[in-house]
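Okay, so here's the structure we're looking at.
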There are 2 protein chains.
Amino acid sequence: MITIKDVARVAEVSTSTVSRVVRKQGKVGKACRAKVQKVIDELGYRPNINAQALVSKKSNSLGIVIPKVSMPFFGTLACGAEEATKENNYRVLISNADESEQTELDAIDSLIQHRCEAIVFHSVYNNDDTLCELAEKIPGLVFINRFIPKIAHRCVWLDNNLGAQEATRHLISKGHTDIAVITRENINTDAQVRLDGVRTALTNAGIKLIDSMVESASTADMEGGREAVRNLLKKGMKYTAVLAFNDNMAIGVIHELNAQGIRVPEDVSVIGFDDLLIAVACLPELSTMHYPIREMANYAAKLAIELSENSSSSVRTHLFMPHLVERDSVSEAAVIEARAS
Amino acid sequence: MITIKDVARVAEVSTSTVSRVVRKQGKVGKACRAKVQKVIDELGYRPNINAQALVSKKSNSLGIVIPKVSMPFFGTLACGAEEATKENNYRVLISNADESEQTELDAIDSLIQHRCEAIVFHSVYNNDDTLCELAEKIPGLVFINRFIPKIAHRCVWLDNNLGAQEATRHLISKGHTDIAVITRENINTDAQVRLDGVRTALTNAGIKLIDSMVESASTADMEGGREAVRNLLKKGMKYTAVLAFNDNMAIGVIHELNAQGIRVPEDVSVIGFDDLLIAVACLPELSTMHYPIREMANYAAKLAIELSENSSSSVRTHLFMPHLVERDSVSEAAVIEARAS
DNA sequence: CTGTTAGCGCATTCAA
DNA sequence: TTGAATGCGCTAACAG
């Protein structure tokens with residue numbers, strides 16, 4: 001691998017001069033610059049980023065910690081963050097950590113070893129206190145999809161409550177009053193907040209949510225959705241609409257309903273949350289709440305970089321809003337007796 | 001940021017000793033090791049990877065160049081590669097490059113600057129010659145989803161021809177003889193090879209493929225699939241099955257067919273290629289050829305690392321096979337007149 | 001078993 | 001405008 005010294009020697013200048021032309025800063029004579037550049041091109045010299053990082057004490061890199069890039073939601077998150085780094089000329093390191101508290105911490109650790117100045121962290125296992133401690137140690141650390149009151153200005157999150165309310169109101173506006181809610185077990189914060197939102201919207205409309213209409217599945221995926229529908233059937237619940245915790249579950253719901261000979265949306269309407277690509281692959285196409293994760297990640301990345309450069313504890317808040325995307329899985333409520341018969 | 005010197009000073013040993021306990025190699029007295037470890041923990045010392053890479057001349061990192069992580073296929077690829085690095089304790093750098101020949105080259109360039117010893121490259125824009133040149137310069141460079149004869153041992157690819165043949169035979173086995181083929185414009189190598197495979201299988205079965213039954217869409221996504229179906233309709237083509245270039249197109253086909261009142265699979269069967277998550281989100285669930293991209297990426301990553309450490313130009317070949325996944329979008333052929341009427 | 005010495009490749013003073 | 005000198009944090013001989 002050819003180094004700055006090689007270039008300097010061949011171009012018959014000092015390494016300082018080569019360094020200056022490489023980084024395009026500092027004064028260099030026109031002829032000299034041309035000569036050096038020529039040698040750089042001929043030799044195919046590429047500065048060693050590790051060395052640059054070491055001496056300049058800046059790695060110019062952004063780390064992202066997410067459960068798994070192969071999940072479309074997180075892949076999109078990663079992309080959004082990456083796009084934000086283009087103008088800053090930052091590198092992006094992605095760490096997957098979907099197992100435990102410890103793997104998440106390890107991922108952060110690895111990023112620290114890289115001396116990433118900015119980090120966007122989507123934590124699912126660690127608690128607020130641990131995260132707060134981390135935030136104190138790392139100025140450029142930002143949390144995404146998480147709200148921690150003590151460090152609100154370091155959190156980029158979504159208003160899940162209002163989102164759930166809007167989804168619920170949409171169902172209500174279509175005449176639905178018998179609404180089943182499918183959520184996940186081990187209710188995490190998001191699920192809890194969304195459930196609260198559903199309750200609020202229902203209450204405001206004078207509809208009460210019966211406990212047995214809320215079904216928790218063990219996993220938040222398609223199978224979870226199917227499982228929930230089966231349990232609802234076992235309990236003999238009647239409903240004209242289903243509000244699912246996320247798109248994956250919603251699609252599972254549609255599949256299971258279909259398997260039971262119940263048509264969507266003619267017999268039962270279904271609404272999801274996230275607006276993943278699969279929402280549009282499903283037939284009927286899924287009506288859902290659009291989660292602007294790409295924009296949020298983009299914002300979070302910029303915030304992290306900004307914070308790392310200038311630790312002014314801004315007091316801004318970073319709350320995003322989901323919005324309804326109407327497609328084909330929700331229609332006017334059918335008369336419930338008709339279906340139940 | 002605390003350094004190895006800080007630890008050495010506090011622990012009252014030399015930096016070499018600290019280095020030894022950090023890397024868990026070399027002989028260190030038990031008591032001494034314990035003392036140093038204690039200081040490390042107390043101070044929260046994390047070795048600077050940039051410095052390690054600089055001095056040891058090994059960055060222990062694997063670079064991945066793909067069009068875009070947010071696309072599920074590539075997200076899965078990235079994950080597969082990442083999993084392969086765990087045992088080697090390598091870091092992973094992901095570069096998105098979906099614009100042009102140049103952005104791909106820039107991505108590689110960035111990886112070189114990082115001194116990644118291993119690189120898995122999914123190139124879509126560059127030609128074989130450019131890639132060969134690159135391969136000569138970078139011992140640990142491996143191409144995925146690409147076959148370049150001159151450097152076959154550096155390519156991890158899929159037998160698209162046989163895959164297409166199998167898909168075609170599946171359709172034939174279900175009694176289909178009027179098969180429409182939906183591919184993409186600017187036919188890339190994969191599309192061409194798959195088309196060849198379809199032709200071969202059809203010919204072997206004594207069926208001839210009419211040119212007008214092959215429809216190219218401008219994009220290889222859902223909209224492309226829909227577009228192709230519309231064009232087929234305009235031309236008045238009759239068919240009982242559609243073989244699509246990939247899952248996205250296949251799902252577009254199903255949606256468009258559905259919009260035209262044609263049922264899948266009762267009236268027309270549809271088969272895809274890739275077996276993405278969306279295949280299972282679709283209703284009916286899509287029958288498709290499973291593309292073992294995760295395993296391939298895993299393999300490619302290991303190969304890249306191996307090659308980087310020991311440039312023995314192995315003569316092995318690295319060809320993977322797709323396999324059929326039967327779901328619900330393919331059924332026995334309907335009598336074509338019945339549908340056409 | 002432990003410490004000393006000498007760089008890795010580069011950016012950054014400071015002189016010239 | 002250019003070059004010489006210094007050191008970033010760490011590992012790798014080499015002594016002891």
Side-chain angles (χ1 to χ4, degrees), chain A residues 1-40 43-61 89 91 109-117, chain B residues 1-40 43-61 89 91 109-117:
Chain A
M1 194 88 310
I2 105 124
T3 77
I4 201 171
K5 275 189 189 167
D6 300 319
V7 177
R9 185 164 24 76
V10 176
E12 297 174 302
V13 295
S14 71
T15 59
S16 322
T17 301
V18 177
S19 177
R20 289 185 190 105
V21 350
V22 166
R23 289 171 306 121
K24 303 180 201 307
Q25 61 179 243
K27 296 289 158 192
V28 182
K30 191 150 188 177
C32 181
R33 151 166 287 126
K35 182 176 58 179
V36 172
Q37 188 58 55
K38 184 157 167 285
V39 174
I40 288 176
L43 267 45
Y45 166 66
R46 299 289 98 167
N48 183 324
I49 286 193
N50 297 307
Q52 286 183 321
L54 181 60
V55 62
S56 68
K57 292 179 174 302
K58 298 172 72 269
S59 75
N60 272 173
S61 59
N89 199 32
R91 323 275 155 189
D109 209 71
S110 157
L111 262 16
I112 292 180
Q113 293 188 212
H114 270 285
R115 299 300 185 264
C116 285
E117 33 269 314
Chain B
M1 196 90 302
I2 105 123
T3 77
I4 200 172
K5 276 189 189 168
D6 299 320
V7 177
R9 184 165 25 76
V10 176
E12 298 174 301
V13 296
S14 71
T15 59
S16 321
T17 301
V18 178
S19 177
R20 287 184 190 105
V21 350
V22 166
R23 288 172 303 123
K24 304 181 201 304
Q25 61 179 244
K27 296 288 158 195
V28 182
K30 190 150 189 177
C32 180
R33 151 166 287 125
K35 181 176 58 178
V36 172
Q37 189 57 56
K38 184 156 167 285
V39 174
I40 287 177
L43 266 45
Y45 166 67
R46 300 290 97 167
N48 183 325
I49 285 193
N50 297 305
Q52 286 183 320
L54 181 60
V55 63
S56 68
K57 291 179 174 302
K58 299 173 72 269
S59 75
N60 271 174
S61 59
N89 199 31
R91 323 276 156 187
D109 209 71
S110 156
L111 262 17
I112 292 180
Q113 293 188 213
H114 270 285
R115 299 301 184 265
C116 285
E117 33 269 313

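In the text below, chain A, chain B and the rest are named by the order of the sequence lines, each starting its count at 1.
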Below 4.0 Å: OP1/OP2 of [N] and any side-chain N or O of [X]:
{"X": "Ser14(B)", "N": "dT4(C)", "answer": "no"}
{"X": "Arg23(A)", "N": "dT12(C)", "answer": "yes"}
{"X": "Gln52(A)", "N": "dC10(C)", "answer": "no"}

Between [N] ([atom2]) and [X] ([atom1]): distance, integer Å:
{"X": "Ile2(A)", "N": "dC10(C)", "atom1": "CD1", "atom2": "C1'", "result": "13 Å"}
{"X": "Arg46(A)", "N": "dC10(C)", "atom1": "CZ", "atom2": "P", "result": "12 Å"}
{"X": "Asn48(B)", "N": "dC10(C)", "atom1": "CG", "atom2": "P", "result": "16 Å"}
{"X": "His114(B)", "N": "dC10(C)", "atom1": "NE2", "atom2": "P", "result": "14 Å"}
{"X": "Ile112(B)", "N": "dG9(C)", "atom1": "CD1", "atom2": "P", "result": "16 Å"}
{"X": "Glu12(B)", "N": "dT2(C)", "atom1": "CD", "atom2": "P", "result": "14 Å"}
{"X": "Gln113(A)", "N": "dC10(D)", "atom1": "CD", "atom2": "P", "result": "10 Å"}
{"X": "Asn50(A)", "N": "dA11(C)", "atom1": "CG", "atom2": "C1'", "result": "15 Å"}

Margin query: Can you give me the closest heavy-atom contact between Thr3(A) and Tyr45(A), atom names plus distance?
Written below: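 Heavy atoms only, the tightest pair is C-CE1, 3.6 Å.
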Within-4.5 Å side-chain heavy-atom neighbours: [X] and [Y]:
{"X": "Val13(A)", "Y": "Lys35(A)", "value": "yes"}
{"X": "Arg91(B)", "Y": "His114(B)", "value": "no"}
{"X": "Thr17(B)", "Y": "Val28(B)", "value": "yes"}
{"X": "Lys27(A)", "Y": "Arg20(A)", "value": "no"}
{"X": "Asn60(A)", "Y": "Asn89(A)", "value": "no"}

Between [options], which one does the side chain of [X] approach most closely?
{"X": "Leu54(B)", "options": "dA4(D), dT11(D), dG9(C)", "answer": "dG9(C)"}
{"X": "Ala51(B)", "options": "dG9(D), dC10(C), dA12(D)", "answer": "dG9(D)"}
{"X": "Ile4(B)", "options": "dT11(D), dG9(C), dT2(C)", "answer": "dT11(D)"}
{"X": "Gln25(A)", "options": "dT4(C), dC10(D), dT12(C)", "answer": "dT12(C)"}

What nucleic acid atoms does [X] come within less than 4.0 Å of, heavy atoms only: base, sugar-phosphate, or nothing?
{"X": "Lys57(A)", "value": "sugar-phosphate"}
{"X": "Val13(B)", "value": "sugar-phosphate"}
{"X": "Val55(A)", "value": "base"}
{"X": "Thr17(A)", "value": "sugar-phosphate"}

Note to self: Need to verify one output field. Residue with the more 5' nearest nucleotide on DNA chain C, Ser16(A) or Met1(A)?
What the structure shows: Met1(A)
Next item on the list: Hey, which sits more toward the 5' end of DNA chain C by its nearest nucleotide, Lys27(B) or Lys5(A)?
Entry: Lys27(B)
Check: Would you say the base of dG3(C) and the side-chain of Arg20(B) have a donor-acceptor pair closer than 3.5 Å?
Finding: yes
